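Here's the structure, in structure tokens; my notes come after.
In this text, all values refer to a predicted model and were calculated from it rather than measured experimentally. In this chain, residues are counted from 1 in sequence order.
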Amino acid sequence: MKKKYAVGIDFGGTNIRLGLVQRTSKGIRVIDQVGCASRAAGRPQPFMRSIRQLMNILLRRHGLKPRQLAGIGVGMPGSVNTRQGLVHFLPNVKGWKNVPVQSKMQKIFHCPIVVDNDVNAMAQGEFFFGAARGCRNAVFLTLGTGLGGGLLINGKPFHGESFSAAEIGHLTYRAGGRTCACGQRGCIETEIGNAYLVKRVRRDIKSGKKTLLKKMIDESPEKKLEVKLIAMAAKRGDRYAIGFWKGVGQHLGHFLGGICNLLNPEKIVIGGGVGQVGHYLFGPLNRTLKASAFPAAARHVRVVKARFGADAGIVGAASMVFGKKSGGKS
Ligand SMILES: [Zn+2]
């Protein structure tokens, strides 16, 4: 009998979360979760200790033993050798240098362990169980502070020669453009990453551009200028915000047109906050993409919203276990 439970571990900036995930005939769902603060449990030894304790709590609640799981999937915020389950390094957490997470966890739990980068994990959630389910070729893009990506090529997640593929956010969009967090200039992330978008709007408001956003912030100072608020303004008919999203959509459409020419995907899945903007973004994006990609590629691609929201990290990590079992080997 196929094992229907897996645990997905999401190592986020604020919390480390473990979710018990069930595979059903309809798909996948998180049935319970536990967690702790990443700050206290971030380094390798405390991390392992916390995972052990949290696994105990989570499984005991449901009367399960680790060997009854299809496996444990781990999404790490950094560079991972997926073949060996080795965490090379984490840019934002100290102490991680070539840590064999897979073998360490296998010794503790005696069940299959899959380790990957967190964005790749989220991508696999969408590829195997979400918006790109059933596709053979798809691209995943998460639009947040940074711009992360994942690739599905010929039915398998693609990691590249040394596990650093799909860094879509760091493709050059404007030669000699703004400096990116990665140290290069003009990466697409510097054009449509959240930080830059918000900065641009703040500058426009300061310079006196007419927009509802100013009133929205003045009326309730607890409202922060963030992507969600700019989306809300567009939905309320603010011409500035609508024009703003049109511009973002055009940039993204143009950029994704190039991705289509390279990879000819069936679907491009957009996750993260910007994915929630709706047709103010997707309309101009689709029109520009169709105009800029080769017709053969443009005809076959659909740009869709990601299915999994707040639990995308947990679902993604667990999906790697289930996906691997059903042949989606990397
Ligand atoms: Zn960059």
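- Minimum heavy-atom separation, Phe128 to Arg133: O-CG, 3.4 Å.
- The number of heavy-atom neighbours closer than 6.0 Å to CZ of Arg302, taken from other residues, nucleotides and ligands shown, is 12 or below.
- Under a cut-off of 6.0 angstrom, the local environment of NZ in Lys65 is sparse, with at most 12 non-hydrogen atoms contributed by other residues, nucleotides or ligands.
- The nearest pair of heavy atoms linking Val304 to Ala131 is CG2-CB, 3.9 Å.
- At least one side-chain heavy atom of Leu90 sits less than 4.5 Å from a side-chain heavy atom of Phe11.
- Across all their heavy atoms, Pro91 and Gly78 have their closest contact at CD-CA, 3.8 Å.
- For the atom pair Leu212 CG and Ile217 CD1, the distance stands at 11.0 Å (nearest 0.5 Å).
- Inter-residue side-chain proximity for Phe308 and Glu126 is flagged as met; some heavy-atom pair is nearer than 4.5 Å.
- Only one option out of Asp204, Ile205, Leu197, Val198 pairs with Val201 in a side chain to side chain contact (heavy atoms under 4.5 Å, CB included); it is Ile205.
- Interatomic distance, Asn117 CG to Met122 CE, rounded to the nearest 0.5 Å: 8.5 Å.
- Here the side chains of Gln68 and Lys3 are not in contact, with every heavy-atom distance at 4.5 Å or above.
- Without hydrogens or angle criteria, Trp245 side chain to His279 main chain gives no donor-acceptor distance under 3.5 Å.
- Under the 4.5 Å side-chain heavy-atom criterion for Ile, Leu, Val, Met, Phe, Trp and Tyr, Val74 and Leu58 are members of the same hydrophobic cluster.
- No more than 12 heavy atoms of other residues, nucleotides or ligands sit less than 6.0 Å from atom NZ of Lys214.
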Q) Step by step, would you call Phe47 with Met76 a side chain to side chain contact (heavy atoms under 4.5 Å, CB included)? A) CA-CA 11 Å; Phe47 175 79; Met76 299 296 286; 4.1 Å; yes
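- Contact between Asn261 and Ser292 at its shortest, heavy atoms only, is ND2-O, 4.0 Å.
- Heavy-atom contacts from other residues, nucleotides or ligands closer than 6.0 Å to CZ of Arg61 number more than 12.
- Looking only at side-chain heavy atoms (C-beta outward), Ile51 and Phe109 come within less than 4.5 Å of each other.
- Ring pair Tyr173/His251: centre-to-centre distance below 6.0 Å.
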Q. Yes or no on side chain to side chain contact (heavy atoms under 4.5 Å, CB included) for Phe322 and Ile28, after CA distance, side-chain angles and deciding distance?
A. CA-CA 10 Å; Phe322 292 133; Ile28 195 167; 3.8 Å; yes
(Q) Would Leu225 and Ile230 count as a side chain to side chain contact (heavy atoms under 4.5 Å, CB included) here? Give the steps. (A) CA-CA 7 Å; Leu225 181 62; Ile230 312 170; 4.2 Å; yes
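- When side chains are defined from C-beta on, Asn81 does not count as touching Val115, because their heavy atoms never get closer than 4.5 Å.
- Between the OG atom in Ser164 and the NE2 atom in His88 there is a gap of 9.5 Å [rounded to 0.5 Å].
- When all heavy atoms are compared, the tightest approach of Thr190 to Thr179 is CG2-O, 3.8 Å.
- Of the options Ile188, Ile168, Val119, a side chain to side chain contact (heavy atoms under 4.5 Å, CB included) to Leu141 is made by Ile168 and by none of the others.
- Glu191 has its side chain within reach of Arg178: a pair of non-hydrogen atoms, C-beta onward, lies under 4.5 Å apart.
- Formation of a donor-acceptor pair under 3.5 Å by the Asn15 side chain with backbone atoms of Gly35 is not found in this model.
- Cluster membership for Val80 and Phe89, using ILVMFWY side-chain heavy atoms within less than 4.5 angstrom, is not shared.
- Between Tyr196 and Glu189, every side-chain heavy-atom pair lies at or beyond the 4.5 Å cut-off.
- Partner of Leu20 under the side chain to side chain contact (heavy atoms under 4.5 Å, CB included) criterion, chosen from Ile31, Val34, Ile314, Val30: Ile31.
- Placement of Ile113 and Leu86 in two distinct hydrophobic clusters is found when ILVMFWY residues are connected by side-chain heavy-atom separations under 4.5 Å, directly or transitively.
- Separating the CD atom in Gln250 from the CG atom in Leu281 is a distance of 10.5 Å, to the nearest 0.5 Å.
- Judged purely by atom type and a 3.5 angstrom limit, Thr142 has no side-chain atom pairing as donor or acceptor with the backbone of Gly148.
- Atoms CZ and OG1, on Phe255 and Thr288 in that order, are 14.0 Å from each other to the nearest 0.5 Å.
- Dense packing is recorded around CD of Glu226, with more than 12 heavy atoms of other residues, nucleotides or ligands lying under 6.0 Å away.
- When every heavy atom of Pro46 is checked against every heavy atom of Arg43, the shortest pair comes out as CD-O, 3.2 Å.
- Between the side chains of His159 and Asp116, at least one donor N or O lies within less than 3.5 Å of an accepting N or O.
- Distance check, rounded to the nearest 0.5 Å: CG of Asn120 to OG1 of Thr82 gives 8.0 Å.
- Two different hydrophobic clusters hold Phe294 and Val139 under the rule that ILVMFWY side chains link at heavy-atom gaps under 4.5 Å.
- Of the possible polar contacts, none joining the Arg17 side chain to the Gln33 backbone as a donor-acceptor pair under 3.5 Å is found.
- Between the side chains of Tyr5 and His62, not a single donor N or O lies within less than 3.5 Å of an accepting N or O.
- A donor-acceptor pair under 3.5 Å links the side-chain atoms of Lys290 to the main chain of Ala298, judged by distance alone.
- Side chains of Gln184 and Thr172 form no contact here, defined as non-hydrogen atoms less than 4.5 Å apart.
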Q: Evaluate side chain to side chain contact (heavy atoms under 4.5 Å, CB included) for Ser319 paired with Val21, printing each intermediate quantity in order.
A: CA-CA 9 Å; Ser319 300; Val21 177; over 6 Å; no
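- Residues Ile270 and Tyr280 are members of one and the same hydrophobic cluster, defined by side-chain heavy-atom contacts under 4.5 angstrom among Ile, Leu, Val, Met, Phe, Trp and Tyr.
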